[in-house]
Amino acid sequence: MASMTLGSLVHHHHHHQSSPCSISTRSSSFMTLKPIVINPKRTVSSSSFIVSSSIVRKQDNHMKSSSFDFMSYMVRKVETVNRALDLAVPLQEPLKIHEAMRYSLLAGGKRIRPLLCIAACELVGGEASVAMPAACAVEMIHTMSLIHDDLPCIDNDDLRRGKPTNHKVFGENVAVLAGDALLPFAFEHLVTATSPEVSPVRLVRAVGELAKAVGVEGVAAGQVADISSEGLDSNEVGLEHLEFIHLHKTAALLEASAVLGGIVGGGSEDEIEKLRQYARCVGLLFQVVDDILDVTKSSQELGKTAGKDLVADKLTYPKIMGLEKSREFAEKLCRDAREQLLGFVSDRVAPLLALANYIANRQN
């Protein structure tokens, strides 16, 4: 993995464009978000996803001087998130379901969503501790989606985060129930554990955002569209349908993570909207890279089953666009995400700039 200090970023000239992730009034019954269009003339090195923009170079130069170390930041935050998750879901009666919940919840992982929530809160001037219940809530919901996604009736996967999937250890019945328990508990934890300094109005708004992200406007819709796409001819379906899947299946919960951080951190409407657009681009970036890794890495490297999308004949970015265009698309999404952070206090923006770069460069 490439060094993640901000000083190592490579700069490319880029003319400012409006965010490609903005809401569209398209009449399509499927797409509610404007699709992202790449520039076919732009060429990108196939050996790296590292990208920056001259438009944010001033901010980057500031962070070079402050020697921001993203990997150290990430390790510290992940440790606090893991401790908070461990405390939030203790081993208690009934033991079986709590064991199953904890098995997947505490199995490790990059904790991208909690990190995004905390960094967004800090960006608007809030304390990390204020965002922790929201950060844990989004990770609980993410874990639920992974448990259910791995079930034989959906993706039928045997490996997750380098370990046997939940249903392989506890059986399909308990795995379903463990996911079912994590979902409502995420909302309970958000409501009961969030600091009283967060106003009831903001807390209710956070609950609404999280619910929308996991339901028929988010993860559930994306999952159904993903299942329905298996075996479809990529020439007939195209990029717009694929983006619907991933804007909902993957990007929606990442978007909610950033928005929740902005809400509980006391962010303004403008700040929250910029965080929303940033996270939407980062969410698609995460999926594009995921699709690329699925066809270029081994199961051992990924910690999960490699090549499963090819076996299932799923729509993926490499399948529709080809590997090189997918890498080009990843660069554009990283650049667009970073541009949403213009105007924020520069000494708070480093984690989110680096997070976009980390997602673009991840190897598993």
Side-chain angles (χ1 to χ4, degrees), residues 17-38 112-113 116-117 120 138 141-142 144-146 148-149 154-155 208-230 232 234 237-262 272-294 309 314-321 325-326 328-340 352 355-356 359-360:
Q17 299 173 345
S18 60
S19 169
C21 307
S22 56
I23 298 294
S24 171
T25 55
R26 224 172 240 279
S27 60
S28 166
S29 60
F30 243 163
M31 283 296 295
T32 57
L33 300 170
K34 185 176 179 182
I36 295 171
V37 182
I38 65 169
I112 296 295
R113 290 152 193 84
L116 181 52
C117 184
V138 294
I141 289 177
H142 175 56
M144 173 278 296
S145 72
L146 298 182
H148 286 178
D149 199 38
I154 301 185
D155 275 359
E209 286 283 348
L210 191 55
K212 185 171 67 174
V214 75
V216 292
E217 293 186 55
V219 175
Q223 286 280 34
V224 170
D226 191 26
I227 293 168
S228 303
S229 75
E230 292 179 14
L232 294 180
S234 60
V237 178
L239 186 60
E240 190 168 310
H241 181 73
L242 183 61
E243 285 183 2
F244 174 89
I245 292 172
H246 296 311
L247 281 170
H248 292 76
K249 181 181 175 181
T250 303
L253 195 53
L254 283 156
E255 179 183 321
S257 302
V259 170
L260 259 64
I272 290 169
E273 183 58 28
K274 286 181 178 179
L275 283 166
R276 186 187 299 281
Q277 298 296 337
Y278 163 87
R280 194 171 289 171
C281 291
V282 162
L284 273 183
L285 173 64
F286 190 94
Q287 190 60 53
V288 175
V289 174
D290 209 55
D291 285 357
I292 292 168
L293 291 175
D294 188 68
D309 293 338
K314 282 192 174 184
L315 291 178
T316 65
Y317 284 97
K319 182 177 179 180
I320 290 181
M321 303 169 68
K325 287 291 184 184
S326 297
E328 185 176 332
F329 192 25
E331 182 192 76
K332 174 171 173 54
L333 288 167
C334 188
R335 182 174 63 249
D336 290 333
R338 292 165 60 82
E339 288 183 4
Q340 293 302 314
L352 288 177
L355 181 60
I359 290 172

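Just so you know, these numbers come straight off a predicted model, no measurement behind them.
- Note that the SG atom of C334 and the CG atom of L355 stand 9.5 Å from one another [nearest 0.5 Å].
- Formation of a donor-acceptor pair under 3.5 Å by the S326 side chain with backbone atoms of Y317 is found in this model.
- With rounding to the nearest 0.5 Å, the separation of CG in L284 from CG in D336 is 10.5 Å.
- Closest heavy-atom contact between V289 and A360: CG2-O, 3.9 Å.
- Taking CD from E243 and CD1 from I320, the interatomic distance works out to 9.0 Å, rounded to the nearest 0.5 Å.
- Note that CD of Q287 is 10.5 Å distant from CD1 of I292, once rounded to the nearest 0.5 Å.
- For H148, there are no ring-ring contact (aromatic ring centres under 6.0 Å, His included) partners two or more places apart in sequence or in a different chain.
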* Criterion side chain to side chain contact (heavy atoms under 4.5 Å, CB included) on L116 and L352, from CA distance to verdict -> CA-CA 7 Å; L116 181 52; L352 288 177; 3.5 Å; yes
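- Interatomic distance, R338 CZ to C281 SG, rounded to the nearest 0.5 Å: 12.5 Å.
- The pair E331-R335 meets the salt-bridge criterion, since a charged nitrogen lies less than 4.0 angstrom from a carboxylate oxygen.
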* To do: Check step by step if side chain to side chain contact (heavy atoms under 4.5 Å, CB included) holds for T316 and D294.
  => CA-CA 10 Å; T316 65; D294 188 68; 5.8 Å; no
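- Heavy-atom minimum distance, A356 versus V282: CB-CG2, 4.2 Å.
- Between the CD atom in E339 and the CD atom in Q277 there is a gap of 12.5 Å [rounded to 0.5 Å].
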Please tabulate, for side-chain N and O atoms in residues 208-227, each donor-acceptor pair with protein atoms closer than 3.5 Å (sequence neighbours left out).
residue: E209; atom: OE1; partner: R276; partner atom: NH1; Å: 3.4
residue: E209; atom: OE2; partner: R276; partner atom: NH2; Å: 2.8
residue: Q223; atom: NE2; partner: D149; partner atom: OD1; Å: 3.2
residue: D226; atom: OD2; partner: K249; partner atom: NZ; Å: 2.6
residue: D226; atom: OD2; partner: K314; partner atom: NZ; Å: 3.0

* For side chain to side chain contact (heavy atoms under 4.5 Å, CB included), just list the numbers for M321 and V288, CA-CA rounded to whole Å, side-chain angles, deciding distance to a tenth of an Å, and then say yes or no. => CA-CA 11 Å; M321 303 169 68; V288 175; over 6 Å; no
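- Partners of F286 according to the ring-ring contact (aromatic ring centres under 6.0 Å, His included) rule, which considers only residues two or more places apart in sequence or in another chain, do not exist here.
- Of all heavy-atom pairs spanning G283 and T250, the tightest one is O-CG2, 3.7 Å.
- With sequence neighbours left out, L146 forms a side-chain contact (heavy atoms from CB on, under 4.5 Å) with H142, R160, R161.
- Here the rule is side-chain contact (heavy atoms from CB on, under 4.5 Å) with R280, and of L285, L333, L247, L254 only L247 fits it.
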